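Before any comments, here is the structure.
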2 protein chains.
Amino acid sequence: MVRDEAQERGLEPRGRADRRLRADAQRNIDRLLQTALAVFATSGVDAPVREIAEKAGVGVGTVYRHFPRRSDLIAAVFRREIDACADAATILAAEYESGDALDRWLRRYVDFIAAKRGLSAALHSGNPAFESLPIYFQEKLRPALQGLLEEAAAAGEMRADIDPAELLLAVARLCSPNDQQSRRMVALLVDGLRYRAPSTPPPSSRSGA
Amino acid sequence: MVRDEAQERGLEPRGRADRRLRADAQRNIDRLLQTALAVFATSGVDAPVREIAEKAGVGVGTVYRHFPRRSDLIAAVFRREIDACADAATILAAEYESGDALDRWLRRYVDFIAAKRGLSAALHSGNPAFESLPIYFQEKLRPALQGLLEEAAAAGEMRADIDPAELLLAVARLCSPNDQQSRRMVALLVDGLRYRAPSTPPPSSRSGA
DNA sequence: ACCTGAACACCGTTCAAGT
DNA sequence: ACCTGAACACCGTTCAAGT
């Protein structure tokens with residue numbers, strides 16, 4: 001639950017030598033990520049680096065010391081949010097009964113996708129800084145969803161043949177920003193995955209191109 | 001088939017007074033749109049205006065005279081491509097048998113969506129210059145697809161209850177760039193819409209939130 | 001080790017001067 | 001009417017100077 005900064009930075013484009021940052025450096029990174037998240041949320045990901053630096057109370061040079069390119073800062077913020085979303089699965093699983101936990105997490109996930117539209121648009125920009133994000137996304141979120149799916153399936157509330165990776169992608173793609181309709185589409189999709197009696201048997205993946 | 005420039009410019013953010021441009025102005029606009037399309041395709045939509053102006057053989061001022069903001073140029077290029085895609089429906093309908101024409105057009109449409117990913121990412125940027133594009137997109141492409149669907153349905157090759165607007169959106173959202181898998185997903189989706197005998201009757205929209 | 005901010009390069013946009 | 005391109009403002013990124 002407590003954020004492990006070393007692990008988090010391990011995925012940034014640094015070589016080695018990221019253990020034991022000086023206390024002020026650590027603090028700066030934290031404030032930078034917090035501030036950037038807030039600024040991106042209100043002004044979009046195109047917000048000037050200078051503005052973020054100023055609001056975080058550091059010089060621009062400090063931003064570039066920790067995040068060599070502007071896109072590295074964006075990617076780091078994105079990873080933080082992915083982590084938080086993955087953590088939510090554990091929390092919800094402990095707090096709610098399986099079907100309920102899955103429902104709640106999917107809503108949480110939709111919120112995440114919807115809020116991060118600007119970022120997800122950046123993903124398609126071809127910028128190498130974002131190259132590893134889809135992988136990180138899947139590696140973190142797939143196990144989180146898989147756990148919830150398995151529990152729901154064990155409770156007989158959900159089909160057992162759902163690939164979490166595919167579901168993550170499908171939901172993300174069905175989501176469009178501030179669009180009420182997309183939520184309905186997602187609800188329908190999830191509804192279709194729900195296992196109800198022998199009326200419509202889950203088709204074992206139909207072969208074909 | 002021949003492009004009507006006046007109509008095309010009618011959707012740009014000008015007031016009135018867009019009839020009968022001077023011949024050189026007309027030529028400049030054409031070359032600008034052609035050049036921009038090519039440059040965007042290779043360097044992405046972030047390509048500098050200066051580069052486009054230079055390659056089109058005009059001064060930057062000329063670009064800004066016709067397209068007050070950089071995003072207006074992008075939007076104009078996008079509209080041109082939408083027009084071309086809509087025109088393709090008429091051509092394909094005349095040239096191929098209904099089911100075949102639909103298949104071919106959907107592939108054409110997927111090509112369009114895939115190639116224009118950078119642009120579609122821009123759509124979610126909140127830039128007002130792109131605000132009217134989704135509407136233009138639907139107004140141009142929906143009738144195009146609708147015609148093809150109706151002919152295919154009349155020939156008994158396709159379900160008759162498919163909303164062309166929804167299908168356009170769904171396919172666009174399932175499309176991710178240079179992703180072979182997305183094409184499979186689209187193929188599966190369209191396959192599911194195909195009407196085959198009474199084994200799986202088309203469900204009349206199930207009510208529910 | 002790490003921070004700062006002036007300085008540099010580049011890009012969107014404007015506008016005075018041309019034809 | 002329309003074109004040109006130098007000039008301006010702004011933003012990403014660097015780096016010499018500081019602690």
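All values reported here derive from a predicted model rather than from experimental measurement. Residue numbering restarts at 1 for every chain, and letters A, B, ... go by the order of the sequence lines.
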Contacts of A/A47 and B/G61 projected onto DNA chain D by closest heavy atom; the upstream (5') one is B/G61

Min and max contacting nt of DNA chain C in 5' to 3' order, chain A heavy atoms within under 4.0 angstrom, are C/dA1 to C/dA7

- Query: How is A/V60 classified with respect to the nucleic acid when contacts are heavy atoms under 4.0 Å: base, sugar-phosphate, or nothing?
  - Reply: base

Any ion pair linking A/D163 and A/R142 (charged N to carboxylate O, less than 4.0 Å)?
no

Of B/R22 and B/P48, the one whose nearest nucleotide on DNA chain C sits closer to the 5' end is B/P48

Q. In terms of side-chain geometry, is the basic nitrogen of A/R80 or A/D30 positioned less than 4.0 Å from the acidic oxygen of its partner?
A. yes

Regarding B/R50, tell me which of base, sugar-phosphate or nothing describes its non-hydrogen contacts under 4.0 Å with the strands shown. base

Worksheet item: So what does A/R70 touch, heavy atoms closer than 4.0 Å: a base, only the sugar-phosphate, or nothing?
Response: sugar-phosphate

Taking Watson-Crick and G-U wobble contacts under 3.5 angstrom, with | marking pairs to another strand and [ ] crossing pairs, the secondary structure of DNA chain D is written ||.|||||...|||||.||

ask   = Salt-bridged, B/D111 to B/R107, with N to O below 4.0 Å?
value = no

Closest to the 5' end of DNA chain C, once A/G57 and B/V49 are matched to their nearest nucleotides, is A/G57

**Prompt:** Between B/F112 and B/Y109, what is the ring plane arrangement, given parallel below 30°, perpendicular above 60°, and tilted in between?
**Reply:** tilted

Less than 3.5 Å apart, which donor and acceptor atoms pair up between the side chains of residues 143-154 of chain A and the rest of the protein, not counting sequence neighbours?
none

task: Output yes when a side-chain donor or acceptor of B/R31 lies under 3.5 Å from a complementary backbone atom of B/A56, and no otherwise.
output: yes

* To do: Please check if atom CD in A/E54 has more than 12 non-hydrogen atoms from other residues, nucleotides or ligands closer than 6.0 Å.
  => no

Under a 3.5 Å cutoff, is there a donor and acceptor pairing between the side chains of B/D83 and B/Y136?
yes

